[in-house]
Structure formats: structure tokens, C-alpha cells
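A, B, ... follow the sequence lines: proteins, then strands. Residue 1 opens every chain.
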Number of protein chains: 4
Amino acid sequence: MLLQIDHHSGVPIYRQLINQVRRQIMAGQLVEGEQLISVRELADQLRVNPMTVSKAYALLEVERLLERRRGIGLFVAGIEKEHGARTKTRLLKETLEKAVLTAVQFGIPQRKVGEMLAELYTKYNSQTRSRSNE
Amino acid sequence: MLLQIDHHSGVPIYRQLINQVRRQIMAGQLVEGEQLISVRELADQLRVNPMTVSKAYALLEVERLLERRRGIGLFVAGIEKEHGARTKTRLLKETLEKAVLTAVQFGIPQRKVGEMLAELYTKYNSQTRSRSNE
Amino acid sequence: MLLQIDHHSGVPIYRQLINQVRRQIMAGQLVEGEQLISVRELADQLRVNPMTVSKAYALLEVERLLERRRGIGLFVAGIEKEHGARTKTRLLKETLEKAVLTAVQFGIPQRKVGEMLAELYTKYNSQTRSRSNE
Amino acid sequence: MLLQIDHHSGVPIYRQLINQVRRQIMAGQLVEGEQLISVRELADQLRVNPMTVSKAYALLEVERLLERRRGIGLFVAGIEKEHGARTKTRLLKETLEKAVLTAVQFGIPQRKVGEMLAELYTKYNSQTRSRSNE
DNA sequence: GTGGTCTAGACCACA
DNA sequence: GTGGTCTAGACCACT
């Protein structure tokens, strides 16, 4: 699991962790039943206080994305399909919103944005495919 | 000036303001010598405490991006900016890239992303128009 | 707001707080829009670390029972009727479950339990009524 | 022996065990000299780690409520108990009182509470029966 | 004044 | 070994 913290972004560390782990789960990079890096180990890796990691994990547990097994560790929970789809849409919308806001602020016409989108989509989609063929 | 505050992102409001104003200046959307919306008015628009706006402006002044003219208001300072369509396109592309990456990771088809884009575009574009009619 | 902590029950303090505040909100003792005792003040009252109180409040915010207004304080959120009813039923069921378990363990027939229930119901219900007439 | 563990209550499992066993002994439901279910078997029944059961038993032994006979097992010790139907009724009433108080606070009608009671009664009663048929 | 975040370090519960 | 809870105390963000 690759996680990165930006100490200067102003975004609380535990929130950065939540966002990254949530995204990995939604993207299927962390699969159901998989055990997460332990609180202490992740805290060591990131040079962060264990409580900070623990807080992030705890909130993901409240979100039902993680499951705790006492004395063993934390695991990726089984997400219901429908719930998963809704979360994905929500997350995508958030990022897309920023892009659109930028475009509107700059007065860039929707047509142009659509073209850029298509271009980028092709680019990343083909990368994914070629990667999955490796 | 179109600014958007997200109260739930965990990013301090004054930082959100700074980032957005700074970006608009760098992209030449706010031009040198242009007067900024007053603290009070912006605070009203965004339903935010005036102190918060004031703080953002003050920090942008420290950054030398803004100039305070006593008794009159704040103005965009004369500094090196990145001009032109190329800069705007670059900035837009950066945000759009994140959105596309998310979509591809989640396996959301381009068609759906296009629809969401159009929807959001309409939403923000109409906001701008109605505001510019006031 | 009357809150009590039992340091010897083994139940985490923040959970005791959550349960008591949630119950007061559901029972209408804390009404929508009402401001809660501040973290620091409650921490002082209960001779407990502020972070412990803060944690309880934060989780109630995640539950959407509380609303935070930055720099001002925490307030009781407006709960949707349907959601409120479901929560009430859930909480009642939890307490009722313990009672039934006790009854079954002791081999007390359902008929007898029903009688005791009716008796207690009459007793407390009339208390409430007479109180509301004061 | 009917024991119920709630993994989400935050109350340590060994404490839940202690409380329930102690109550059964005090109510005379587990009588003096009676042998307790073995650690292993109880752990299996409750899907809990044997160490946890063992710890609960050990602490009840310290309390002098249980007696260990080496190589044989654990037995209910000869101590002062509260006997009889009166005790059972009292203990039941205490738990039932909490449930009724909750219901009245929430304004839930007695009829509804009666229905929930019946439902739960059936649920736990049938569990006991099916288990006693094993 | 309000709440939020983080740390260092202690101790508990569970496997 | 795992995660959970709590403390004391520092500093930040916001009104």
C-alpha cells in the first residue's frame, strides 16, 4: 500500500489517509478481506503518531469500509455493490467539480473541455489496458 | 470573481480563498491594478466571517500578490504572471487530469463522465451568468 | 445538560458520552438548534481530558446528530423524522433485548413479563404526564 | 448456560462474561457445586478466543464465586446467594425498567413495545429450546 | 472565546 | 504481536 502525506497542504493528516485508503478500496486496489498495514507500522513508515493513523482507520470503520478484528488487525470490508457505486460517483463528482469550476472561471467553452476530457480519457484508459496486459 | 468554498473539506477557508485568488491572478484572470471585492462584500457572498477573508487577503499581501491602498482597498499587484490561453489550458488540464484518473480507476465509462461534466458545466455557468446580471 | 460518567464500568468514556447525548437528543431533551456545553467546560465538569469529550462530539457529528459551526460551537442538528424514528426503535430494541434475555435466562414466562411491562409502563407514563402538567 | 456477547458495545468481552455468570450465580440459576461449561466449549459456542473465557473464569475465581478443581474443571462455589423467585423478579424488573423508561422518553406506545417484546421473546426462547435439544 | 489536530507516552484488551 | 483508550500539553483555525 502506497500512501503519501503532504505535511504542508493544510489538510489534516488523518483526512489525507482516509481519502487515499478510501480511494484505493473503491478502485479495487485494496480488495475485500485484505489486511491493512498495522497502525504502528504505517505510523512508522509515515513518521506520524500512531493515534493519527488509528483515527483515520477508526473513521473508515465507521464508514463501513474497514472491519476490525480484535487483536488481529483491520481488514477491508465487503462493500455492497450499490453503495460502492454511489460512493464512486460522489468521489468522481468532487474531482470533476473542481475541473469544471476552473474551466468556467477561465471562460473556457464546454466544447473544448469535452475535447480535453476525451483526449485524457483515451490516454489513461489505454495505459490501464496495456498495464493489465502485462 | 467566482469563488467556491467547501466547508467540509477540512481545508481552512482562508487557504481555499488564497489558493483560488492566487490562481486567478497567475492565470491573468485578475489583472494588474484591478480592485478586489471588499472584505465585507466577499464575506457576505460566501457567508463567511469577514476576519477569514481579511486574513486571506493579508497573507496574499505578504506574498506581494496584492497591494493595499489605504482607505481605498486592495488591488492586484504588478508582478510576473503567467499569461495567456496556454496557462489557462495548463491549469485546467491539471485538474481535469485528476478527475479522469479517478474515473478510469473506478472504471466509470467516458459517456457517463461526459454527462456529469455537462451537468456541472450548466450548473456553474448559469451561476456565473445570473450573478453577472445582478 | 446532565451527564454522568462511570469510570469503573469498563465502557469507554467517550462512548458513555455518546450514548447519553444521543439519548437526550432522541428524547427531545436537547432540541434542534440548541448549543451544547463546550468541549472544555464539559471536560472540566467531568474531570476528563478535553480530547475525550471532543472525540464523543466528533462521532456524534459523523452520525449527523450534531452540527459544528466553526469558531462558535456545536449544535443539535435537525434530524429527519424517519431517521429519528428508526434510531429510536433501534435504541429501544437494545434495552428491551437485555430485559428479554434476563427473563429467558430465568425461565420467566412471557405472560408475566408482559404484565410487568404494562405495570411499569403505566407507572412511568403517568409520571411523565403529571410532570408535563406542572 | 445462555450467554450473549455484544461485540459492538465497547464492553470488553471478558467483562460481559463475568457480569452474566455472576448474575446467574447470584440468582441461583447456577447452583452451588454445579460444573461450568469448559473454557474451550464456551469459547467455541461464543466464537471467542479461549484466553478470553479463561480470563473471565479466572477473575470469577478470584472473586470466590468459582472454585477450580484441578484436572476436573470449574464449579460454582458455596457462597451466600440471593435465592428464589423474588431475586429473579427483582433483577428482571431492573432491566425491564430501563427499557420502559426509554420507550416512554421516546414516546413509543405500549402496544408497539409489547409487540417488540413478543418478537424478542420468541427469538431467544427458540434459541434456548433448539440448543437444549442438541 | 470556540473546536481541531497532533504528539509522546502510558496502560488495557485481545490473539 | 494487534488495535483501543486516555492523558497532558502544544499549537492551529476560526468568531
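What separates CD1 of Ile13(C) from P of dC12(E) is a distance of 14 Å, to the nearest Å. In this structure, the OH atom of Tyr14(A) is 18 Å from the C1' atom of dG4(F), given to the nearest Å. In this structure, the CE atom of Met51(A) is 11 Å from the P atom of dT7(F), given to the nearest Å. Rounding to whole angstrom units, CD1 of residue Ile37(A) and C1' of dG1(F) are separated by 16 Å. Separating the CD1 atom of Ile5(C) from the C1' atom of dT7(F) is a distance of 15 Å, rounded to the nearest angstrom. Distance Asn49(A) CG to dG9(F) C1': 13 Å, rounded to the nearest Å. Summarising the geometry, the separation between CG on Leu60(C) and P on dG3(E) is reported as 14 Å, rounded to the nearest angstrom. Atom C1' of nucleotide dT2(F) and atom CG of Leu74(A) are separated by 9 Å, given to the nearest angstrom.
When all heavy atoms of Gln4(C) and Gln20(C) are compared, the closest pair comes out as O-NE2, 2.5 Å. Here the closest non-hydrogen pair linking Val11(A) and Gln16(A) is O-NE2, 2.8 Å.
Here dA13(F) is the nucleotide among dA13(E), dG3(E), dA13(F) with the atom lying nearest to any side-chain atom of Lys55(B).
With Tyr57(C) as reference, Val39(C) is the one residue of Leu17(C), Ile18(C), Val39(C) to meet the side-chain contact (heavy atoms from CB on, under 4.5 Å) rule.
OP1 or OP2 of dT2(E) sits under 4.0 Å from a side-chain N or O of Ser38(C).
Both Val48(A) and Gly73(C) lie close to DNA chain E; mapped to their nearest nucleotides by heavy-atom distance, the more 5′-ward contact belongs to Gly73(C). Along DNA chain F, the nucleotide nearest to Arg40(C) and the one nearest to Arg68(A) differ in position, and the one closer to the 5' end is contacted by Arg68(A). Taking the nucleotide of DNA chain E with the nearest heavy atom to each of Thr52(A) and Gln35(C), the more 5' of the two is matched to Gln35(C).
Counting only Watson-Crick and G-U wobble pairs whose two key distances fall under 3.5 Å, DNA chain E forms stems of three or more stacked pairs at E:1-14 with F:1-14.
Summarising the local packing, CZ of Arg90(A) is surrounded by more than 12 heavy atoms from other residues, nucleotides or ligands at distances under 6.0 Å.
Side-chain contact check for Gln105(D) versus Arg23(C): some heavy-atom pair is nearer than 4.5 Å.
Taking Arg86(A) as the reference, nothing meets the side-chain hydrogen bond (donor to acceptor under 3.5 Å, both in side chains) condition, with sequence neighbours excluded.
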